[in-house]
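Excluded from the calculations below are hydrogen atoms, water molecules and symmetry mates; all remaining heavy atoms, backbone and side chain alike, are included. By convention here, the first residue in the shown sequence is residue 1.
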Amino acid sequence: MWKNYFKVSLRNLIKRKLYTGINILGLTIAIVSFLAISLYIYHEWNYDRMYSDYDRIYKINQDFRMGEDSKLVGTTPSLLIPTILDEIPEVETGTIVFDVSIFSSVLINRGEGNQEESKFAYADQNFFEVFDFHLIHGDAKKALVEPNQLVLTESTAKRYFGSAGEALGKLLKVNDVLEYTVSAVMEDFPSNSHLDFDFISSFTTHRHGKSPEWSPSNYFSYIKIRDDVGLETIQPKLDQLIEKHLGEAQKTYGFQSILLLQPVRNIHFEITELQGNKPGTDIKYLYIFGIVAVLLILIGIINYVNMATAEATERNKEVGLRKVMGAERMQLFGQFISESFILTLSGMTLSLLILFLLSSNFESVSGVAMQLDLLFSPVGLLGLLLLAFFIALLSGSYPAFILSGMEPLKALGKNIQRSGVAWLRKSLVVFQFFVSIGLLISTLVVKHQLDYMQSVNLGYERERLVALTINHKMQPMIEGMKNEMRRQGIAGEAALAADLPILIKAGYSITHGGDNTREFSLTGYAVDPDIVNTLELQILSGMNFTDQDPSRTLAVEKEKEFPIMINESALRELGWAAEEAIEKRIQFGGSIARIKAVVEDFYFNSLHHQIGPLAIFIDQGQTNLLLVKLSQGNPI
């Protein structure tokens, strides 16, 4: 019976080519959009859910408070995890990760010359207990125990040694100083893990791995709590631990540190400052994308219903003749539903082909690789069949119900009144226009926001500004590089900096001392003396840095003052006028600094945030970027 339905349906669809083509096109566009958005949502929603017991893994963040100011940071001291494991039995295990790329790239040499690498980290021996990534070669329990051990990802091992198996036991020199032994090769980090490294070295190699301390706070800390323990048990014990070990220091220096537990599965969706080395997303956008995907499917279904009901007048005689010949209503219903299934399966097949052709461009648009293998897994195939069944049934049921319900004599007549059908079609068309206009308005709003981001005045000159990652071993050659770029006309100005000017991350504090009596937190920007000219910052009062100005590190070692520039927001916190602030002495980051200039505010964080207090100081030792202002034209 169903075989006959499909044969007849296929003949009818081939006969009405325009009707068939429009429906297949509409369903294909709807299904392609739905599947592409669904793959994106699936990828984002499953961020950091690939670890066993991910719901028991937490990252530890710090809320630094000084007076009325509060600053949330994602790093902690190196001594925190060892202390937690010793003093809080409810914690099953914990690990420390030090992302070297926060400060600098590293040079890797396998005997054929240095290669600069940016995804290098240190981790302690518990790393693979907390994050159970699969090791292709090596023992997870021994891979990060001894000093100078190195775990490579599979793609990195192939890049340096040709294959994962060849890498095990081989030596790599890091920064031309130490030789590291490859102790294991692991699978590449998934694209939806907030961790993403090519090299992981044993933390015992690092000086704070050998002698952990309560300062500085440069390390990511993770804990896995016991299955029978809740956060309400852990949080008070963390507060007690901080009071026990840092209570006196907090009273002496007038600050407070509160440890906050963040579920690892939420890192991708929460506050930008805590996301680490990968950009995150607001979970609200996933809900919005999900609604858009459903609306697009509904538009495709409504388009089919409207086309099918409009065609009803063309099929009156067909229905009437079939009924006169003895066809029952359920037989006719099955006939028209089978047409819907053929159209839907055709649209689904075409959609999968289009997704395959677009997969290479999907990542450049969304930032996420299209995982088509998910669609062809057993669960994925079942989902596709259910989706096709749902679309076919929902889009075909009403037209089939209307057509199969015609009375034979009326169906054979010329003037057939279907006021209910006309009312439904008009309602569906109105709904289509409503959704389409809503999506169009949303698109225009997004375009307006993107145009604003492109045109907004950030407070510094970003045109022709490029950033080059440098290794600390290159710093003695930087001045020569700058001079050569100027000589060849490649660049007008160049400056060393610790961060890109669009996202400056280092946190400092201003406390009582010198000429200042106020306390607040601010952001610090380590640079070289050329930063003002390179970014074209506007000096409101005071003078620019010179080559004779000492760096902060050198001045602190010699217990001398060092010059800083502050922005307008920091000036307001200090309560001085621009001219009055020049040559004032302040307690900055535990040392005395002298205000040399006040610069106009500029955005150094997301446009969602207000511009906060900022101090700019010379310290080439903390820099890992060379900001270059290219010359006019095409110098490269």
Side-chain angles (χ1 to χ4, degrees), residues 5-6 9-38 288-316 318-319 332-355 358 383-406 416 418-444:
Y5 289 163
F6 276 100
S9 298
L10 198 57
R11 288 197 201 105
N12 282 325
L13 292 174
I14 293 173
K15 181 180 178 182
R16 305 193 319 275
K17 294 181 176 62
L18 181 62
Y19 168 82
T20 303
I22 291 174
N23 275 321
I24 290 178
L25 180 62
L27 290 172
T28 299
I29 293 173
I31 294 170
V32 165
S33 303
F34 179 84
L35 292 179
I37 294 173
S38 298
I288 293 172
F289 291 152
I291 293 171
V292 169
V294 172
L295 289 176
L296 290 172
I297 281 289
L298 288 178
I299 288 176
I301 291 172
I302 290 170
N303 180 70
Y304 179 90
V305 171
N306 286 336
M307 290 290 294
T309 52
E311 280 280 299
T313 55
E314 301 294 327
R315 307 187 69 174
N316 296 336
E318 176 191 345
V319 173
L332 290 170
F333 186 88
Q335 169 75 57
F336 295 121
I337 280 289
S338 66
E339 288 187 12
S340 175
F341 270 96
I342 290 173
L343 290 172
T344 302
L345 291 174
S346 299
M348 181 69 75
T349 303
L350 193 56
S351 298
L352 293 175
L353 177 61
I354 292 173
L355 284 175
L358 294 178
L384 290 176
L385 289 175
L386 290 176
L387 176 65
F389 180 82
F390 169 79
I391 294 173
L393 195 62
L394 197 60
S395 58
S397 292
Y398 186 75
F401 177 78
I402 294 297
L403 290 169
S404 64
M406 294 180 185
I416 300 175
R418 298 189 188 87
S419 57
V421 175
W423 177 87
L424 177 66
R425 285 181 58 201
K426 290 177 181 178
S427 300
L428 293 178
V429 169
V430 169
F431 178 77
Q432 273 186 305
F433 272 105
F434 176 78
V435 173
S436 299
I437 291 171
L439 292 175
L440 181 61
I441 292 173
S442 301
T443 303
L444 292 174

task: Supply the atom-to-atom distance Leu35 CG to Leu296 CG, rounded to the nearest 0.5 angstrom.
output: 11.5 Å

message: Just verifying a value: how many Å separate Leu355 CG and Leu350 CG, rounded to the nearest 0.5 Å?
response: 10.0 Å

query: How far apart are the closest heavy atoms of Leu27 and Gly300, and which atoms are they?
result: CD2-O, 3.9 Å

message: Nearest 0.5 angstrom please: Asn23 CG to Ile342 CD1, how far?
response: 12.5 Å

query: Nearest heavy-atom pair of Leu387 and Met348: which atoms, and what distance?
result: CD2-CE, 3.9 Å

message: Using 0.5 Å steps for rounding, measure from the OG1 atom of Thr344 to the CD1 atom of Ile391.
response: 6.0 Å

task: Using modelled atom types only, decide if a donor and an acceptor are shared between the side chain of Ser351 and the backbone of Thr28 within a distance under 3.5 Å.
output: yes

Inter-residue atom distance Ile299.CD1 - Phe34.CZ, 0.5 Å rounding: 13.5 Å

- line: Output for pair (Ile37 CD1, Ile288 CD1), nearest 0.5 Å, gives 12.0 Å

query: How close do Ala392 and Ser340 get, heavy atom to heavy atom, and via which atoms?
result: O-OG, 2.6 Å

statement: Of all heavy-atom pairs linking Ala388 and Leu345, the shortest is CB-CD2, 4.1 Å

